[in-house]
Amino acid sequence: MNTVRTVKVGGDYHYTIAIGADLLADGARLAHMLRGRHALVVSDGNIAPLYADRVEAALRAARPDLVLQRFVIPPGEQEKTLARFGECLEALASLGATRDATVLALGGGVVGDLAGFAAACWMRGIDCVQLPTSLLAMVDSSVGGKTAVDLPAGKNLVGAFHPPRAVIADTSTLRTLPDRELRAGLAEVVKYGAIFDAHFLHWIEGHAEALLARDEAALAHAIALSCEYKADVVARDPFEHGDRAMLNFGHTFGHAIESEQGYAGTTGEGLNHGEAVAVGMVLAARLATALGMAPTEDADRLQALLQRLGLPTAIPVGLAPESLLARMRLDKKADARGLRFVLWTGAGKACITSGVDEGAVLRVLTHG
Ligand code: ADP
Ligand code: ZN
């Protein structure tokens, strides 16, 4: 029996997230999302050989009149460039894509961001259906409409808000996801429990082994709940003017680590995004404790859970606290009142705070 869970993203830009096994073979479901005759499947060199044939065959069976093409980039964050974005637009041109064409983003966050941005720009915006294949993309980047490419000057500097027409998360694809990527995705799952739902956090503690063992039911539950929380925030604040910033828990520290190490995580040498966020959440929890806002036991508990999930919880050696602090001052989230943090106030709760004392931040960066 195939259970398909659906999560609705409400508000002005509403769409549905479907979560379940073997959804990429469900041609009727995929075809239902296409308004016109043209579709471009965008994927990367790891994922396309595994899943693109399946998607295309299912679509062709359901819609024999479809004009379908594939655009594949090499895997890795270093490919999220303006050059690849240009190639993706060229692929849409050679497909003869009209205003009712659809981009199908089949892959992790890199593919989703790049393909989503191309869809946002082609003829001023066409439909993008997100088909996330990494856990991180399923619980985070495929939902909410943030699309972007990187510049040498920094990550995600050029992009657009372009909500997807639908998100279809086939949990069967997680079987081939590398272990390290699975754990990185679990960091973002823990984030939702940590800031929104103490009960969910407790559930993750009880299912850590099942999640690591890729138990389908456990993963589907974790994905669905994470998406519900993300959908809720995104519907209220689609353009991140307020509440949506809560999702940046652990990210001020995490982004500083990522940029200070030069996004080495993308080449496998440093921390990847989920790992940097794991460290960042522990630091944010420690900062809240230092400011008297959260109990020490809760921060200890968060750290222990992340460790059980095989995630790092300390700043990698070689990254200087002062340099990390300097990175944070440059962060998009810093504003005129100084450093802005999502501070943890204990299991299931968090708040956004501006003007955090830099001395306290430096102490946490130095001593953890
Ligand atoms: P993320 O999804 O973490 O934001 P990427 O898009 O770079 O980042 O995906 C992480 C890595 O995992 C990439 O090398 C990608 O090709 C690979 N990948 C993603 N999904 C799968 C999958 N289902 N099976 C195998 N490899 C995958
Ligand atoms: Zn993140």
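This one's a predicted model, so the numbers in the text were calculated from it and none came from an experiment. For ligands, and for the atoms within them, numbers begin at 1 and follow the listed sequence.
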Checklist line | Donor + acceptor pair across side chains of T147, D113 (<3.5 Å) | finding: no

Check: Using heavy atoms and a threshold below 4.0 Å, how should the contact between N272 and ligand 1 be classified: side chain, backbone, both, or neither?
Finding: neither

Check: Who are the side-chain hydrogen bond (donor to acceptor under 3.5 Å, both in side chains) partners of E209, not counting sequence neighbours?
Finding: R308

Next item on the list: Tell me which protein heavy atom sits closest to atom 20 (N) of ligand 1, plus the residue, atom name and distance to 0.1 Å.
Entry: T133 OG1, 2.9 Å

Notebook entry, point to check: With a 6.0 Å cut-off on ring centres, are F85 and F117 close enough?
Noted result: yes

Next item on the list: Indicate yes or no: does K80 engage D150 in a salt bridge with an N to O separation below 4.0 Å.
Entry: yes

Margin query: Give me the nearest non-hydrogen protein atom to atom 9 (O) of ligand 1 as residue plus atom name, then the distance to 0.1 Å.
Written below: G108 CA, 4.2 Å

Checklist line | Residue and atom name of the nearest protein heavy atom (relative to atom 8 (O) of ligand 1), distance in Å to one decimal | finding: G109 N, 3.9 Å

Item checked: Gap separating the CE atom of M246 from the OH atom of Y229, nearest 0.5 angstrom -> 11.5 Å

Notebook entry, point to check: Does the distance from a Lys or Arg side-chain N to an Asp or Glu carboxylate O, for R99 and D127, drop under 4.0 Å?
Noted result: no

Notebook entry, point to check: Does an N or O anywhere in Y51 fall below 3.5 Å from an N or O of ligand 1?
Noted result: no

Item checked: Vertex the Zn ion (ligand 2), arms to H273 NE2 and E188 OE2, rounded to 10° -> 100°

Note to self: Would you call the rings of F341 and F253 parallel, tilted or perpendicular, taking 30° and 60° as the class edges?
What the structure shows: tilted

Next item on the list: Mark up the atoms of ligand 1 that fall under 4.0 Å of a heavy atom belonging to T173, in ascending order.
Entry: 22 (C), 23 (N)

Notebook entry, point to check: Which residue supplies the protein heavy atom nearest to atom 2 (O) of ligand 1, what is that atom called, and how far is it?
Noted result: S134 OG, 2.6 Å

Margin query: Hydrogens and angles aside, do E216 and T171 bring a side-chain donor and acceptor to less than 3.5 Å of each other?
Written below: yes

Margin query: What I want to check is whether the side chains of H199 and W203 have a donor and an acceptor closer together than 3.5 Å.
Written below: no

Check: Is the closest heavy-atom distance from P178 to ligand 1 below 4.0 Å?
Finding: yes

Margin query: Tell me the nearest of I47, T176, V111 to atom 24 (N) of ligand 1, using heavy-atom distances.
Written below: T176

Check: atom 17 (C) of ligand 1: which protein heavy atom is closest, and how many Å away?
Finding: N46 ND2, 4.1 Å

Note to self: Among all the protein's non-hydrogen atoms, which is closest to atom 7 (O) of ligand 1, and how far away is it?
What the structure shows: V110 CG2, 3.3 Å

Margin query: Below 4.0 Å from ligand 1: does a non-hydrogen atom of E181 turn up there or not?
Written below: yes

Next item on the list: Look at the rings of F239 and Y13 and say which category their plane angle falls in: under 30° parallel, 30 to 60° tilted, over 60° perpendicular.
Entry: perpendicular

Checklist line | Those atoms of ligand 1 less than 4.0 Å from some heavy atom in L136 | finding: 1 (P), 3 (O), 4 (O)

Check: To the nearest 0.1 Å, how far is atom 15 (C) of ligand 1 from its closest protein heavy atom, and which atom is that?
Finding: D44 OD2, 3.4 Å

Check: Who's the nearest protein heavy-atom neighbour of atom 21 (C) of ligand 1, and how far?
Finding: L177 CD1, 3.5 Å

